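Fair warning: this is a prediction, and the values are worked out from it, not measured in the lab. Residue numbers start from 1 in every chain, and the chains themselves are labelled A, B, ... in the order their sequence lines are given, proteins ahead of strands. The analysis underlying the following values was restricted to heavy atoms, covering all of them including side chains, and did not include hydrogens, waters or symmetry mates.
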Amino acid sequence: MPTFRAPRGTRDLLPPERAVFGRLEAVARDLSRRYGYREMETPLFEQAAVFERGIGEMTDVIEKELFRLVPRSEEGEVWALRPEATAGIVRGYVQHGMHTWPQPVKVSLIGPMFRYDRPQAGRYRQFWQWDVEAIGDPGPAIDAELIELGARFYREAGLDDVLLLLNSIGDTECRPAYVAELAAYFREHAVQLPDLERRRLETNPLRLLDSKDPSLAALQARAPRIVDRLCPACAEHFGAVRSHLDTLGIAYRLEPALVRGLDYYTRTAFEYYREGAEGQQQALGGGGRYDGLVQLLGGQPTPGIGFALGLDRVALNLQSSGLAEGQRPPLAVIVGAEPAATAERLKLATALRAEGLPVRADLSRRKLGRQLEGAARDGAHFAVIVAEGSENGALQLKDLQAGTQRPLAAVDLARELRRAESSHRHG
RNA sequence: GUGGCCUUAGCUCAAUCGGCAGAGCAGCGGAUUGUGGAUCCGCAGGUUGCGGGUUCGAUCCCCGCAGGCCACCCCA
């Protein structure tokens, strides 16, 4: 019963787990570089209106999950922690006149997002996303490029069995008519609808499509499908996206019920999905086109597309599949039981670190056997034994993996370790 | 936000019918005072999540709260 603990839905990332995140970030940054997306940052909080207007007042993310910050004075502004990255990035695009940059503006962002949800495994109130946006290109080729980028991330991160779900949800031309038709269809059968679903009929009929309520399954199966109601321009766009994906060899599953939870999406919508072991959150990432968002946030009409991938869920899947690796062990541990030689051990370790070598110094007063035990358990390749008389440079270099040991002069140590390190890396 | 299950040492878990709270791992220290990963011995570590109630007596039964998990809701 600790006095304090991390707030509900948040957690500390301790060294082993933080290392997994670090590796995911490295994969994401490398992919950003290769695909020409440049990293940026936005504030962790914005005026609440940025999210309310961008994401949509009626969405769950805004209606019940937004982390609002209460103003400290009457005239204070209402802020909110960001629940996703796109709205803030687009706000920045408009604010900084990025429409004058070469288009499209391709940016990425890695950082924490916040949603006031009820926590569960893989679902946190503070979670991390890698977000990628291409603003200013109407597609459809950029759609396929971006979708392929997301799929590649999972493979390079170590998850091979991530599915891609794909849909088009139309635009302002064709979606209103479709939504009306869908609402009419469900209204005909309103008696069969549970209360929650009946309310949605008025607020957001699209959501009825991906409700998991089993009593809706039959109705959903016979519901009109947006892909059959796309206007010619949207249909052509969607066809081209699919053909580009085929060209790239990207497999996907058409998912007519995929509608996404944010209002700003138009046309292309997609989700990365993995059948979890049990009860795990299965959506690993998702995204879509948002051709009206820039204008909605005060800019000129500008198309855009992006995705957000959940790093926590990828890490969780890696760990449950036993694919997460631990931290790299030190190359060598400097040991020695003579209190008189402690300064010598410290000095030696400092010199090796200055040479760029990862070494640990055992500065404890434990007996030598314990120190070697610790070094071996660290997974260190070598132990450097500093004994009495080492001041004049006589050391023992012990290969913990081979079990061999030989005397070595201090002046030769860095060179020896470096040589072993490089052959170890490539061997 | 709704419903359900769970909470004992740092971690994973025991504790018979309500009767003095235990083990493994991890940590620390030893094993004829200087050589290792799974050898042996020992030490330390607990207000049994928190607060009430029932009882001679509660880890155990009841209520509330908190946290975790599961299914919804929803999504990353």
Side-chain angles (χ1 to χ4, degrees), chain A residues 1-11 14 16 24 55 59-65 82-86 111-131 150 194-197 199-200 204 207 210-214 258-262 271-274 276-287 307-317 329 333 335-339 341 362 364-390 396-405:
Chain A
M1 39 134 266
T3 310
F4 297 112
R5 59 171 129 193
R8 181 170 203 200
T10 72
R11 67 213 200 287
L14 304 185
L24 295 179
I55 295 168
T59 59
D60 285 306
V61 170
I62 296 306
E63 208 174 16
K64 45 183 247 200
E65 295 169 11
R82 64 185 185 193
E84 53 98 54
T86 306
M113 307 296 157
F114 305 85
R115 290 184 199 175
Y116 194 79
D117 244 1
R118 185 150 162 181
Q120 221 166 293
R123 195 177 72 180
Y124 306 104
R125 289 180 174 181
Q126 176 178 350
F127 56 99
W128 276 262
Q129 287 188 336
W130 175 40
D131 187 270
D195 287 348
L196 174 73
E197 312 294 352
R199 199 179 132 249
R200 277 191 173 148
N204 200 343
R207 300 237 60 99
D210 64 355
S211 166
K212 281 169 203 150
D213 193 313
L258 177 68
V259 294
R260 306 289 299 155
L262 315 179
E271 205 165 281
Y272 302 100
Y273 188 85
R274 186 170 191 249
E278 69 275 345
Q280 273 179 9
Q281 304 301 318
Q282 298 179 317
L284 297 189
F307 65 63
L309 309 190
L311 299 186
D312 306 75
R313 290 186 180 177
V314 175
L316 192 66
N317 276 273
V333 178
V335 302
E338 301 292 335
D362 192 328
S364 76
R365 317 193 65 155
R366 296 184 299 173
K367 56 195 277 189
L368 191 60
R370 294 285 186 194
Q371 296 190 21
L372 287 168
E373 188 180 329
R377 278 207 285 201
D378 268 6
H381 194 145
F382 296 102
V384 178
I385 303 172
V386 179
E388 199 146 24
S390 291
Q396 292 288 328
L397 179 65
K398 187 178 183 71
D399 186 323
L400 292 167
Q401 285 157 21
T404 58
Q405 177 173 334

Under the side chain to side chain contact (heavy atoms under 4.5 Å, CB included) rule, what do A:Tyr273 and A:Leu284 come out as? Steps first, then yes or no, please. CA-CA 6 Å; A:Tyr273 188 85; A:Leu284 297 189; over 6 Å; no
Once you apply a heavy-atom cut-off of 4.0 Å, does [X] come out as touching a base, just sugar-phosphate, or nothing?
X: A:Gly403; result: base
X: A:Gly122; result: base
X: A:Gly287; result: nothing

Is the phosphate of [N], meaning OP1 or OP2, less than 4.0 Å from a side-chain N or O of [X]?
X: A:Lys367; N: B:G36; result: no
X: A:Arg8; N: B:G67; result: yes
X: A:Gln120; N: B:A71; result: yes

Considering Watson-Crick and G-U wobble pairs with both distances under 3.5 Å, what does [N] pair with?
N: B:A26; result: none
N: B:C72; result: B:G1
N: B:U54; result: none
N: B:A15; result: none
N: B:U35; result: none

Which sits closer to the 5' end of RNA chain B, A:Glu271 or A:Leu368, going by the nucleotide each is nearest to?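 It is A:Leu368, whose closest nucleotide lies nearer the 5' terminus.
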Find which nucleotide of RNA chain B each of A:Lys64 and A:Phe127 is nearest to by heavy atoms, and output the residue with the more 5' nucleotide.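 Going by which nucleotide is closer to the 5' end, it is A:Lys64.
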[X] [atom1] - [N] [atom2] separation (whole Å):
X: A:Arg125; N: B:C69; atom1: CZ; atom2: P; value: 11 Å
X: A:Ile385; N: B:G36; atom1: CD1; atom2: P; value: 10 Å
X: A:Asp362; N: B:G36; atom1: CG; atom2: P; value: 15 Å
X: A:Arg123; N: B:C73; atom1: CZ; atom2: C1'; value: 8 Å
X: A:Arg5; N: B:G10; atom1: CZ; atom2: C1'; value: 15 Å

Hey, is A:Glu84 close enough to A:Arg115 for a salt bridge, meaning N to O under 4.0 Å?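 Salt bridge between A:Glu84 and A:Arg115, a charged N being under 4.0 Å from a carboxylate O: no.
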Lys/Arg-Asp/Glu bridge criterion (N-O < 4.0 Å) met for A:Asp312, A:Arg11: yes
Could you measure between the two C1' atoms, the one in B:C73 and the one in B:U2, and give it in whole Å? 8 Å
So if I take every side-chain heavy atom of A:Ala376 and compare against B:G37, B:C70, B:U35, which nucleotide ends up nearest? B:G37
Under 3.5 Å, N/O pairs linking protein and nucleotides 25-29 of chain B:
residue: B:G27; atom: OP1; partner: A:Arg377; partner atom: NH2; Å: 3.3
residue: B:G27; atom: OP2; partner: A:Arg377; partner atom: NH2; Å: 3.2

